[in-house]
Chemist: 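Below is the structure I would like to discuss, written out as structure tokens.
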Amino acid sequence: MEYVIEMLNIRKEFPGIVANDNITVQLKKGEIHALLGENGAGKSTLMNVLFGLYQPEAGEIRVNGEKVKITNPNVANNLGIGMVHQHFMLVEPFTVTQNIILGSEPKGKFGSVNIKEAEKEIREISDRYGLKVDPSAKIRDISVGMQQRVEILKTLYRGAEVLIFDEPTAVLTPQEINELMDIMRSLVKEGKSIILITHKLKEIMEVCDRCTVIRKGKGIGTVVVKDTNPDELASLMVGREVNFKTDKKPAEPKEVVLHIEDLFVQDVRKIDLVKGLNLDVRAGEIVGIAGVDGNGQSELIEAITGLRKSRSGKIMLNDKNITNLSPRNVTKSGLGHIPQDRHKYGLVLDYPIGANMVLQTYYQKPFSKVSVLNYKEIYKKAKELIEEYDVRTPSEYTPARALSGGNQQKAIIGREIDRSPDLLIAAQPTRGLDVGAIEFIHKKLIEERDKGKAILLVSFELDEIMNVSDRIAVMFDGKIVANLTPTETNEQELGLLMAGSTINGAGDSNDIK
Amino acid sequence: MLDILASIVPTVLFFSAPLIFTALGGVFSERSGVINIGLEGLMVIGAFVGIIFNLTFADVFGNFTPWISIIVATIVGALFSAIHAVASVSFRADQTVSGVAINMLALGVGVYLTKVWYGKGQTDMVAEPFNSTNIPILSDIPIIGPIFFEGIYITSYVAIIVAFIAWFVLYKTAFGLRLRAVGEHPMAADTNGINVYKMRYIAVLISGALGGLGGSVFALTIVSNFSHSTIVGQGFMSLAAVIFGKWHPLGAMGAALFFGFAQSLSVVSTGIPLLEDIPQIYLLIAPYVLTILALAGFIGRADAPRANGIPYVKGSR
Amino acid sequence: ACGGGDNKEKGNNNNSGDTAKNEDSNDFKVGMVTDLGGVDDKSFNQSAWEGLKVFGEQNGLTEGEGYTYEQSNAKEDYIPNLTRLVRNKYDLIYGIGFELKEDLTTIAEQNSDLHFAIVDDVIELPNVVSITFKEHEGSFLVGVAAALKTKTNKLGFVGGIDSPLINKFEAGFIAGAKSVNPNIEVDVQYAESFGDPAKGKLIATNMYNNGIDVIYHASGATGNGVFNQAKDLKQNDADREIWVIGVDRDQHEEGKVGDQNVTLTSMIKRVDVAVENVSTMSMKNEFPGGEKLEFGIEEDGIGFATTNQEAMTEEIINTVNEWKDKILKGEVKVPTTREELKTFEEGL
Amino acid sequence: MTSNNRLFGILVPIISVLLGLLVGALIMLVSGHNPIEGYTALWNGAFYDAFTIGETIRRITPLILTGLAIAFAFRTGLFNIGAEGQVIVGWLAAVWVGIAIEAPMIIHLPLAIIAGALAGGIWGFIPGILKAKLGVHEVIVTIMMNYIALFVSNEIVRSVLTEHKTTTEKIASSASLGSEWLQSITFYSRLHYGILIALFAAAVMWFVINRTTVGYELKAVGFNRHASKYAGMNVSKNIVLSMVISGVFAGLAGVMEGLGTYGTVSVISGFTNLGFDGIAVALLGANNPLGVVLAAILFGVLKEGAGEMPSAGVPTELVDIIIAIIIFFVASSYIIRWTLTRFKKEGK
Ligand SMILES: Nc1ncnc2c1ncn2[C@@H]1O[C@H](COP(=O)(O)OP(=O)(O)OP(=O)(O)O)[C@@H](O)[C@H]1O
Ligand SMILES: Nc1ncnc2c1ncn2[C@@H]1O[C@H](COP(=O)(O)OP(=O)(O)OP(=O)(O)O)[C@@H](O)[C@H]1O
Ligand SMILES: [Mg+2]
Ligand SMILES: [Mg+2]
């Protein structure tokens, strides 16, 4: 059998943990090979070993049957291995072209870089694979999906034959995911081989040929995708049965908790991104906001939470006008917020995870009295939350930075729910999490709803929106363009609405203006 | 008005030139992600070497002495900054701490050696300093000629040319692209096969070279000897110029020229009728107040290179 | 640094031994504490130390035991340095420079059995002698020289820090210049620092640009910038008349440009003479405690340099000496402050 | 793991100091001096008797405070190079109140101290507010504020507090931190009660940073501005507050000099260096209060001891070299840890 890449019995240790314990993965030429495992199972580590960022303690790597030592990314590049990282490796102030040629620049006059030449070549590659990237745009000005294509272009520009994708779809919208799938198919058609890391079983079923499962650092085995099904994959990975369809009772909506009227919000460039938005969320219901990234969702959340000033309009929380109040006052009025960007907003990574558990409440009793902190109470609370929300951490004194993404997310969710806010805004609460963790978080959200709290869920995952919401508000171009009931709609209809086409009869199902 | 310009431009240029060199050094270092508050110390070393070499070899090299002196100071500055590079790149030292240590070390070594070699705390005056000249041809241009090309130190023009070269290197060459990438997102650079450590070493050495050059030019155009008070704050002013100029070579040059202009103005204005009666104290603090106002008023927010100050540890996240 | 009890004992013995040894030889000990300039400042600290050395050598004292100096690197070093000398039983202790006034006062009050001397300021205590100089007289003389030398009738004065002491230089200089020619203009600028050559050069550039051809500086290391600029102009145009007048000591060396020299003359302050005199008095048990000794032209404590023979022509020297005589005879009373200068000018 | 960390926490500084002294000894050897004599002199300079010990403590006092000032700002992610200027204005204001007011000590002294602290605070407020509201980089503003402080203070001494003199009169004894008792037990050193204020300030900083909601906020803002805003903290307020508190600490360092060491304020030609040395102290002390106190002690001892080194023929600058090397080693603790870990492994 012909393998382009063989990773045999790889072992990689970090201080105090064996991230990869005797794992074997073999990649056939021209296949898309999935790598599946819980958060922290060791997938990224394994791929970083292949890409030369880490050196394994044991095991061997073969490329086209030949044993190799990949000591750094340069070696990997030369062996035709390219990687699209989980966290993009792009220099924000640089242009697309600069990012792509970085490290292997075409030379021009007087030792300068021949940017024109490079742009031409990039345009060619872009066209060949249907990537539609503007070579002269700045990274910071383009969407996340575009940035990912730049990452792909980077590997292709270097002549990669094997592409590693580390959770490429976690940050993409459904449209973008579909486009990525097409791109991957065309890559394989051109003779490339792909390793794909993803938590989304649907994607594995859709594009992958085979799938290697990792659990807690150990290789569980490799299965042929068309011989298996999502349930089997999930239980292989978690080691137990997983419930995909979230069980829930019908909602019993009560009084309006959040009322938004004719809201306008600008972004940093002073352009209106929320344009006259109206929305109500009631106690005891989960309202899901569906929409393509960039239609004003972030600005809407920031306006409600007080992180951004709104230009005009009114936001009422529990009949209290909270428009343009400070975040502290909004929080006090009964808001909880699971932020979309957990590293930027959700946590002080250098604080112990325990100290992070009181990020909004440190100034209140019993965590402090007359401005003096009471660590005993703080860490008592932290310990409780860590247990209740199954945050896996060595101790409550461990810096938040040291936790895996999934566990960081669980900590944030625990903290926000525990304050028992009347309105909980959950933005992309399960991004990048494994199915087990997703299941857990969905359960928690529904529990809150059942306690009579109002929940506003913002997500790019249509599955999540359909599964968890009691009501779906489709957001397009800064406005709510449709109100739907999950049971009465389907992904197709949602997709169309999100893309801006109108459907007769949409929006009459509920009392939203 | 032209008179005032004609008298102010040369002073701006000689005052600013050392700051320009040193600030450019700071730009290279910080663009690669290594904070360099050791610029002051690098200038001290440059001044020390420039003067000592000049004193020692004036007889050997004659008219070329000042030029050879600044070249030697440039080389020694680069070597000296290797300490900062080793500490902050390889040993992952806090870069600010290392910079502070560079400042103390440079002054300590400079004065210590002066005392050991000369038996006193300050050297004699050099016999071969730089002298200002009229630039041939250019100084004959009407109006502009007398203002910009008469009585000018060539080193001042070298400073401006070096600023443009620095701009070209940083913004037009592969080396510059890599260097800036390393300062913004070292891991991205690393995954593209760029040796982050090597780039940072080179950048810090360049900053040492330019700092040494700046210090020696200061000593050989303005002071003429070396003592503990030869360089007092010029390095910090250069650091301010780096930030003022938003980490851009031409910006840093502009900022340094601005400082020179403000200083000259405060001296010249005692002779300008309108400004004559302003109490001395206002003129004294004017350059510093002006800088703050300029920053607050229209220069505004500037973002440092993203990875500035963060040691790169391979494989960390 | 491994100190057992043994070592400690020895240390103590050493200390008492020191005093014992001094008793059998010549037991007079004299020391000085420099100000921030340091003993090699090419200025009055250095001059004081030279005086002390001459005194020591003449009286067969050994350096470091019979006579010594303590260098101050920061203001806060004065007290420890003075105390070190007190502790080592020095009979006469100098504080060089007005900066030491406060600290020397404190120490002198605490040690009324020892003799002290302050240079450049006045302390009214019975065991302290105050040594000051009539810098205004010397400045007057170089002012005369400047007035005779200038072609443009414009002179410059660069001061270090605007203070009573430096104002004395300023007033004397202007008085001297205007005594020769009342129409002479003097531009006065202070750098607000004794250690900012860049500022010195900026000021000098501006002054020379404005037609000033002689600058008198009383500004320490700031003056380096003045010399630098003058030399640069001279280098470029050997015929141009550009002059600097040095201060405290003959700054002829600083003025060299190839075969030429821009140092016209220097106002010389003979701290060495004063130190030598006072030390001798003290050793002979004639210590003028509580007195205020003012060294001027008469006492040979103030003078001017004639090293630059080309520039300081016989004619100039003769005229300057005429004015010197007038001062000696009391015919001219040189002003010491700006107010006195005003009166003086009105009387011209 | 943790006990290991604690061990390293103690070992690294000790090894660094030893390495620093070792390099110092090598330098002395190479430049022809006797290291044993040199270090004996250094030791004597700092610990010879009660007087030197008193002076050493006195020198440590303001260093603790400037170290705290810079450390405090660092904790909020701000780099305060302006401690120098804050020291100057604190010094000026304290002495001003000390001179201008008559009141019983119980009112006068606290008032003078508060004035100094407040002045420092205001000097920190300006860069703080500019940073918070306009995003102006605090490093430039604080550098500029240093010069403004220097020149303005000189001008006030000259034109407001005195009639064109360089030093003010002494503060009233009711505003003095000095103590006859402390002086008497230390042979008239300038040791004053300021050391208690400095240590108290360190304790306050420790408490504020580690035990209060204010500290929780300040550190959070330093670590992650966005998360702090999300958590409802007022980021601008915290930036300003941090700079003000930092300025207050530095102002207090000035108070130590004004009300403790000197009792006067003078026209100065250059910076005191207390602020710049404070940067080194803060960083050596890992920005934590206990560390700052220890670093200030090390710093003060070496600097004070340096004064005695010329008696062994060694230039005082050697101490700067030694301190710089110690800082390098502490900063590069990673490499020391790494080496230690290797030794340990091999030992096993
Ligand atoms: N640089 C590192 N230092 C220490 N531990 C690490 C490091 N990188 C990863 N780990 C640990 O190794 C384990 C595997 O991490 P890895 O990132 O490979 O997981 P993953 O399978 O990619 O998870 P996810 O699905 O969340 O991306 C985790 O326990 C993680 O905390
Ligand atoms: N006694 C304590 N019990 C529990 N947690 C604490 C305690 N003291 C501090 N913490 C938490 O640990 C974090 C780090 O505290 P620690 O005191 O170790 O800080 P540090 O960075 O070492 O600074 P330092 O000790 O001087 O100021 C604090 O921010 C706080 O959240
Ligand atoms: Mg991963
Ligand atoms: Mg993940």
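For clarity, every value in this text was computed on a predicted model and none was experimentally measured. Note that these values count all heavy atoms, side chains included, but never hydrogens, waters or copies made by symmetry.
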Chemist: Using a cut-off of under 4.5 Å on heavy-atom pairs, state which of D:Val330, D:Asp320, D:Ile321 scores highest against chain B.
Modeler: D:Ile321
Chemist: For chain B, find its close neighbours in residues 138-151 of chain D: heavy-atom separation under 4.5 Å, sorted by number, or none.
Modeler: D:Val139, D:Ile140, D:Val141, D:Ile143, D:Met144, D:Met145, D:Tyr147, D:Ile148, D:Phe151
Chemist: What are the two closest non-hydrogen atoms of B:Val100 and D:Ala280, and how far apart are they?
Modeler: CG1-CB, 3.7 Å
Chemist: Select one option (side chain, backbone, both, neither) describing which atoms of D:Phe276 are under 4.5 Å from chain B's heavy atoms.
Modeler: side chain
Chemist: Is it the backbone or the side chain of B:Phe259 that comes under 4.5 Å from a heavy atom of chain D, or both, or neither?
Modeler: side chain
Chemist: How many angstroms lie between CD1 in B:Ile292 and CD1 in D:Ile126, if you round to the nearest 0.5 Å?
Modeler: 7.5 Å
Chemist: Using non-hydrogen atoms only, which part of D:Phe271 is less than 4.5 Å away from chain B: side chain, backbone, both, or neither?
Modeler: neither
Chemist: Could you tell me which portion of D:Val314 (side chain, backbone, both or neither) has an atom closer than 4.5 angstrom to a non-hydrogen atom of chain B?
Modeler: side chain
Chemist: Heavy-atom pairs under 4.5 Å with chain D - which of B:Leu107, B:Val116, B:Thr291, B:Leu239 has more of them than the others?
Modeler: B:Thr291
Chemist: Taking CZ in B:Phe261 as the centre, count heavy atoms belonging to other residues, nucleotides or ligands within less than 6.0 Å. Is the count above 12?
Modeler: no
Chemist: Tell me, out of B:Val242, B:Thr96, B:Asp94, B:Val232, who's got the most heavy-atom pairs with chain D below 4.5 Å.
Modeler: B:Thr96
Chemist: Where is the tightest heavy-atom contact between B:Ala101 and D:Ile327, given as atom of each residue plus distance?
Modeler: CB-CG2, 3.8 Å
Chemist: So do D:Ile27 and B:Tyr112 actually touch side chain to side chain, heavy atoms under 4.5 Å?
Modeler: yes
Chemist: Minimum heavy-atom separation for D:Ala331 to B:Val97, with atom names?
Modeler: CB-CG1, 3.6 Å
Chemist: Report which part of D:Leu318 has an atom under 4.5 Å of a heavy atom belonging to chain B: side chain, backbone, both, or neither.
Modeler: both
Chemist: Taking every non-hydrogen pair under 4.5 Å, which of B:Ile37, B:Val86, B:Val111, B:Leu113 racks up the most with chain D?
Modeler: B:Val111
Chemist: B:Lys115 and D:Pro315: which non-hydrogen atoms are nearest, and at how many Å?
Modeler: CD-CB, 3.6 Å
